[in-house]
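Scroll down for the structure; my scribbles are underneath it.
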Amino acid sequence: MPLLKLMKTPSLSKIKKVSLGTKWNFNHHLNLHIVLQTIKPPISLFTFILIVILPIYPLFTKTIAVCTKCTIKTVKNAIDISKNGDTIQIQEGIYKEGFLPITKSITINGEAGVVIDGLKQKHVFGIYSNGVRIQNLTIKGSGISDLTEFAGVHAEKVKDCHFENLVLEDNVYGFYLAETTHCTLKNNISIGNAENEVLGGNGIHLWSASHNKIIGNQLKKHRDGIYLEFSENLEIEGNESKENIRYGMHFMFSGHNKFSRNVFKNNSAGVAVMYSKDIVMDENQFMDNWGESSNGILLKDIADSTLTKNRFEGNTIAVFADGINNIKFQNNDFINNGWGIKILGNTDHNKITDNNFIKNVFDISTNTKSTTNEFINNYWDHYEGYDLNKDHYGDIPHKTIHFFGYWIAVYPFLMVLYESPVVLFLQGIEKAFPIVTPIEFEDQHPRMKERI
């Protein structure tokens, strides 16, 4: 009689009960003998593996080596023969591959000196499977098109992707993620080839994405360093975005996001946050975004958000506030900017509290005479009051609007008269008999010393 017919096999229900009720840990040695003792009558090891374990976990994953002297000489060939769970290990060299679509859950890892060249065809890597991991590569040479947004790494409708320690060069878009969830972009460098806003792409571009992490990346010479649209619940931390043609970061219609400890420096138009709500912005640096229309940050039609412990230094306009509501500015530093905060008349019910305003040409500017915004306990280096009761707060209110600053907001061409004798004379009269300056823009209890 055949050997298999002599095997005593338990009922399927008993096997299912053990497989569902046992916590498997495949990172450690699995003592099958102990598990088998829980099943009565006992079954063979072969039957247990065949019925229970193989459907749960791919035991036979492999590492595929790629090099000029290996059996597998191209990344494309390695991807073709790989299966879910496999790792492709690429040795040093330049691999002229063209477009590399990935439809399996695999890991691609490069040794030092690995360059993947997309040959200006399409995307270099196209990710169309969950759980793909790519790390330690240089990726260059995406396609160029007026109709398609080609990228060094393009991922669409996937989850749990991970891209780390990649250097992206000469790609129109660095990373383009569409409808992705729980993906991570960490410690990557993307240097773009954008020459203007029309032909250039973004360093990191997310569309309709959620619960992604963008951590520790460096982005340079793109149209926008980071661009987000219809994306939410993102963690954006520790990135540096500089020397981009338009914005260091730009997002629209993207609520419930947090960006912290990022540096946005020397971008043509700074940072823009538009048509969004519930945004947390803390401990970022907005530096040297200088030009005719440059802002440290543009806030356009956003609500219910916070800016805390940020540093705005060397910007034309540190914060341009247009149509914002219920925003809390707290513990920020505004240093050596043209304008500290430019507040338009459609901006209401915001609180500016415990901030430092130091060496700005104009601390606050507005085009309206009335406001519902509150200025509370800020430090103003232009404050000329006194503190007789020694409570570290001024005894008289500080008028936050410079006389000439108000006129500049209404008539920008008057800037040529800044600090001219006639302006200084009118400013002296305005201090004694305030008629023009909006009186509601006052800090009732300004700090005498800057907050540290």
Side-chain angles (χ1 to χ4, degrees), residues 210 226 228-237 247 249-262 264 270-286 295-312 315 317-334 337 339-357 360 362-380 397-401 406 409 438-447 451:
S210 66
I226 301 173
L228 317 171
E229 190 170 9
F230 301 109
S231 298
E232 60 183 20
N233 296 307
L234 306 175
E235 180 183 339
I236 305 168
E237 181 177 345
Y247 295 108
M249 183 171 69
H250 181 196
F251 64 89
M252 304 171 63
F253 310 107
S254 298
H256 316 293
N257 292 312
K258 178 178 181 179
F259 64 95
S260 306
R261 292 180 287 280
N262 303 285
F264 305 102
V271 170
V273 181
M274 308 171 72
Y275 313 113
S276 305
K277 65 178 181 179
D278 188 23
I279 309 298
V280 176
M281 300 160 268
D282 62 351
E283 298 184 64
N284 302 286
Q285 297 183 48
F286 304 85
N295 310 297
I297 186 168
L298 164 65
L299 303 175
K300 169 67 174 173
D301 291 340
I302 73 167
D304 306 325
S305 301
T306 61
L307 288 89
T308 57
K309 299 181 180 178
N310 299 286
R311 185 179 182 90
F312 299 88
N315 305 285
I317 303 171
V319 175
F320 192 106
D322 180 4
I324 69 173
N325 295 280
N326 195 30
I327 308 297
K328 181 183 291 185
F329 299 83
Q330 187 167 12
N331 296 344
N332 301 288
D333 294 324
F334 298 87
N337 302 284
W339 283 262
I341 305 178
K342 207 167 193 177
I343 302 175
L344 298 190
N346 59 350
T347 294
D348 296 302
H349 305 293
N350 304 288
K351 290 187 177 181
I352 297 93
T353 307
D354 290 321
N355 303 283
N356 290 328
F357 291 86
N360 303 297
F362 305 111
D363 291 328
I364 305 294
S365 178
T366 188
N367 60 354
T368 183
K369 287 193 173 184
S370 62
T371 184
T372 58
N373 302 296
E374 298 180 61
F375 300 87
I376 305 169
N377 301 149
N378 300 282
Y379 171 74
W380 314 86
H398 173 62
K399 292 178 172 55
T400 65
I401 302 293
Y406 173 74
I439 61 174
E440 293 181 8
F441 286 79
E442 289 187 342
D443 190 334
Q444 295 294 322
H445 303 285
R447 287 178 174 272
R451 174 193 45 77

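Any value given below was found using the heavy atoms of this structure, including those in side chains, with hydrogens, waters and symmetry copies removed. Note that the structure is a prediction, hence the values are computed from the model and not measured.
Side-chain N or O atoms of N377 include one that pairs as donor or acceptor with a backbone N or O of H445 at under 3.5 Å. At least one donor-acceptor pair under 3.5 Å links the side chain of N332 to the backbone N or O of N310. Within the 3.5 Å criterion, the main-chain N or O of H349 finds a donor-acceptor partner in the side chain of T372. The backbone N or O of N337 sits less than 3.5 Å from a side-chain atom of N360, completing a donor-acceptor pair. Proximity of a side-chain donor or acceptor of N378 to a complementary backbone N or O of F357 within less than 3.5 Å is not detected. For N373 (side chain) and T347 (main-chain N/O), a donor-acceptor pair under 3.5 Å exists by modelled atom type. Of the possible polar contacts, one joining the N346 side chain to the G323 backbone as a donor-acceptor pair under 3.5 Å is found. At distances below 3.5 Å, at least one donor-acceptor pair connects side-chain atoms of S254 with backbone N or O atoms of F230.
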Begin with the C-alpha distance, continue with both residues' side-chain angles, and end with the deciding distance and a verdict on side chain to side chain contact (heavy atoms under 4.5 Å, CB included) for R447 and D354. CA-CA 8 Å; R447 287 178 174 272; D354 290 321; 3.1 Å; yes

Take D363 and T400 through the test side-chain hydrogen bond (donor to acceptor under 3.5 Å, both in side chains) and record every step on the way to the result. CA-CA 7 Å; D363 291 328; T400 65; over 6 Å; no

May I have the step-by-step check of side-chain hydrogen bond (donor to acceptor under 3.5 Å, both in side chains) for N295 and N315, ending in yes or no? CA-CA 6 Å; N295 310 297; N315 305 285; over 6 Å; no

Take W380 and F375 through the test side chain to side chain contact (heavy atoms under 4.5 Å, CB included) and record every step on the way to the result. CA-CA 11 Å; W380 314 86; F375 300 87; 4.1 Å; yes

Worked verdict on D282 versus K258 for side chain to side chain contact (heavy atoms under 4.5 Å, CB included): CA-CA 8 Å; D282 62 351; K258 178 178 181 179; 4.0 Å; yes

Before you tell me yes or no, could you show the steps for L307 and L299 under side chain to side chain contact (heavy atoms under 4.5 Å, CB included), namely the whole-Å CA-CA distance, both residues' side-chain angles and the distance that decides it to 0.1 Å? CA-CA 11 Å; L307 288 89; L299 303 175; 4.1 Å; yes

H398/D443 under side-chain hydrogen bond (donor to acceptor under 3.5 Å, both in side chains): CA gap, chis, key distance, verdict: CA-CA 5 Å; H398 173 62; D443 190 334; over 6 Å; no

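Here T366 contributes atom OG1 and L344 contributes atom CG; the two are 7.0 Å apart, rounded to the nearest 0.5 Å. Rounding to the nearest 0.5 angstrom, the gap separating the CG atom in L228 from the CE atom in M252 is 11.5 Å. To the nearest 0.5 Å, atom CG of residue N257 and atom CD1 of residue I279 are 5.0 Å apart. Put simply, CG on N326 and OG on S305 are 8.5 Å apart, with the number rounded to the nearest 0.5 Å. Here the straight-line distance linking atom CZ of F286 with atom CZ of R311 works out to 13.0 Å at 0.5 Å rounding. Rounding to the nearest 0.5 angstrom, the gap separating the OH atom in Y247 from the CZ atom in F264 is 13.5 Å.
Annotation for D348 and G345: closest pair OD1-O, 4.3 Å, computed over non-hydrogen atoms. Here the shortest heavy-atom pairing between I236 and N262 reads O-ND2, 3.1 Å. Nearest heavy-atom pair across I352 and N355 is CG2-ND2, 3.3 Å. For Y275 against I302, the heavy-atom pair with the smallest separation is N-CG2, 3.9 Å. Looking at every heavy atom in both residues, G340 comes nearest to A318 through O-CB, 3.0 Å.
Ion pair E237/R261 flagged as a salt bridge, since at least one NZ, NE, NH1 or NH2 atom sits closer than 4.0 Å to an Asp/Glu carboxylate oxygen. With respect to R451 and D333, a salt bridge is recorded, a charged nitrogen being found less than 4.0 Å from a carboxylate O.
Heavy-atom neighbours of K300 NZ from other residues, nucleotides or ligands within 6.0 Å: above the threshold of 12.
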